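In this text, all values refer to a predicted model and were calculated from it rather than measured experimentally.
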Amino acid sequence: MKALTIALNDIRIAFREPAIWINLVVIPAALIFVIGLANGQSLGGGSLPRLLVDVVDLDNTPQSAAFIGALQSQNDALVICPAQDGAENLCGLEGVDAGLTAEAALSRITDGTSLALIEIPAGFGAQLLAGEPANVVYRSDEDATASSAALQAVNTAAQRVRGIIAAERVAVSIANAALDGDSAFVDAMRAAAAAGWAASPVNIAVTEAAVEQPDILVGLQQSVPGMGSMYVMFLILAGAGTLVQERKLWTLQRLAAAPVTSADIILGKLLARFVLGMIQYGVAFGVGLIYGQFLGVSFGNNPLALIVVMIAFSLCVSTFTLFMATIVTSQEQAASVVTLVTLVLAPIGGAWWSLDMEFIPEFMRTISNISPFKWVLDGFRNVIALDQGFAGIGLPCLVLFGAAAVFFALAVWRFKVVEG
């Protein structure tokens, strides 16, 4: 109970500092977002771009309709206006008369509404049936990268139409020779050819070699636990300077003279720093969940396993803080050690980027084993990316709890020496 009273008093004192809200919320939230972007977080929803292509059909024959139908099937990102079914809202033709004119379509290219204009001239179908060259007019803006998608669709559609027309010409010959010019037979053959081309009669089977890729944390899944853990260490380690100040102001000595034991003091100080670390984790993952709602980012399906990992890291850093407070002799020295330790251990332990990324040399992965960040992020990765739950946090938590036990023993031993 006395240890809890000491812890609550230390927490109240910590939150009296106005700057703590900047270090606890504002800076971590900003860095989580920025580092998330640097680690590959996408801001888009992943939907296909919609490229509007206007078609002016001056021929209005089955052959021009076949060309438009072939064009529509080439690229899901292309929206054919005004012919494509269900594209009225996308085409934005509410104020345009039925039967889009070439002049209106050119205006739509100029103002950036549409990507390209395809004009099918009168006589297009008759020329194809007669075996003569038939042309369409293609106009686009100067965005070569985007317009190539529409132009490629036009070229592919033209090839399909040639196949359909070839079948139609054969059907016309058969109908004239044996079926008294039966137009229904010709229409049926044209439809069958169009359906055959639409079904892509030649299929290419692509087989990719199975290459095992490591499941790594990317984007916000990397920056939330990474930056969160870094600021947990910053916040907890600041307690070393606080203990040094209390010793210099005789606050710690007066507390030792009160009816409390050394165990109460040690446990109270430890509990205070631990709680502050867990609060920082709560802020980091709370911010991450808010970002994740807008960006479609998940942090796994086992929050309890994540909390156990947070507890292990916070306890490890808290015991290290007590041990460090028995070594440093001034607040300035403590502040320097906090900055040095955190900014060295965080990157080599994978807090800024995943250690599984290709550019990380193997010797850096070996060195990372001395950093508690390596173990805490292994635990987070196993829960978030690999969905291993409690089975994936055994080794990381064992290492962190083991280190916490060692630092606690050293802190207790050193604390007695300082008191005596």
Side-chain angles (χ1 to χ4, degrees), residues 7 28 32 35-36 39-41 212-233 235-236 267 270-271 273-293 295-321 345-346 348-357 360 365-366 368-409:
I32 283 171
I35 300 299
N39 277 284
Q41 179 61 51
E212 184 177 354
Q213 296 291 341
D215 291 299
I216 66 175
L217 297 176
V218 296
L220 290 178
Q221 289 184 336
Q222 166 69 27
S223 66
V224 169
M227 291 298 101
S229 298
M230 188 175 79
Y231 272 87
V232 165
M233 179 171 279
L235 184 60
I236 294 178
L267 290 176
L270 176 66
L271 182 59
R273 305 322 298 183
F274 171 79
V275 170
L276 288 173
M278 293 301 292
I279 291 173
Q280 180 67 83
Y281 263 133
V283 170
F285 275 85
V287 168
L289 289 173
I290 294 173
Y291 288 150
Q293 288 295 315
L295 301 177
V297 178
S298 169
F299 295 95
N301 302 312
N302 199 325
L304 291 179
L306 292 178
I307 291 174
V308 173
V309 176
M310 298 176 200
I311 290 172
F313 184 77
S314 297
L315 187 61
C316 177
V317 179
S318 297
T319 56
F320 178 70
T321 299
L345 293 180
I348 70 172
W352 296 359
W353 49 72
S354 173
L355 295 176
D356 292 317
M357 298 183 75
I360 302 296
R365 296 190 181 96
T366 302
S368 70
N369 288 291
I370 68 173
S371 171
F373 287 98
K374 189 267 185 189
W375 299 102
V376 71
L377 287 167
D378 275 358
F380 284 131
R381 181 198 61 188
N382 292 344
V383 176
I384 296 173
L386 302 181
D387 196 24
Q388 294 179 354
F390 285 100
I393 66 174
L395 179 59
C397 287
L398 180 64
V399 173
L400 292 171
F401 282 131
V406 172
F407 286 129
F408 182 73

Any donor-acceptor pair under 3.5 Å linking the side chain of [X] with the backbone of [Y]?
X: N382; Y: G379; answer: no
X: T319; Y: C316; answer: yes
X: Q280; Y: G228; answer: no

**Asked** What side-chain hydrogen bond (donor to acceptor under 3.5 Å, both in side chains) pairs are there with at least one residue in residues 392-408, not counting sequence neighbours?
**Response** none

[X] side chain near [Y] side chain, heavy-atom distance below 4.5 Å:
X: W353; Y: I35; value: no
X: S354; Y: N39; value: no
X: V275; Y: I279; value: yes

Which atom pair, heavy atoms only, marks the closest approach of [X] to [Y]?
X: L235; Y: R273; result: O-NH2, 2.6 Å
X: R365; Y: L355; result: NE-O, 2.7 Å
X: G349; Y: L377; result: O-CD1, 3.8 Å

Straight-line distance of [X] [atom1] to [Y] [atom2], nearest 0.5 Å:
X: F373; Y: M230; atom1: CZ; atom2: CE; answer: 7.5 Å
X: I236; Y: S318; atom1: CD1; atom2: OG; answer: 3.5 Å
X: Q293; Y: I290; atom1: CD; atom2: CD1; answer: 9.0 Å
X: I360; Y: I348; atom1: CD1; atom2: CD1; answer: 11.5 Å
X: M227; Y: Q222; atom1: CE; atom2: CD; answer: 7.5 Å
X: L270; Y: S314; atom1: CG; atom2: OG; answer: 10.5 Å

**Residue from L220, V224, V297 passing side chain to side chain contact (heavy atoms under 4.5 Å, CB included) with Y291** = L220

**Passing candidate, ring-ring contact (aromatic ring centres under 6.0 Å, His included) with F380, options F299, F285, F313** = F285

Please list, one pair per line, the donor and acceptor atoms closer than 3.5 Å that link side chains of residues 383-408 to other protein atoms, with sequence neighbours excluded.
none

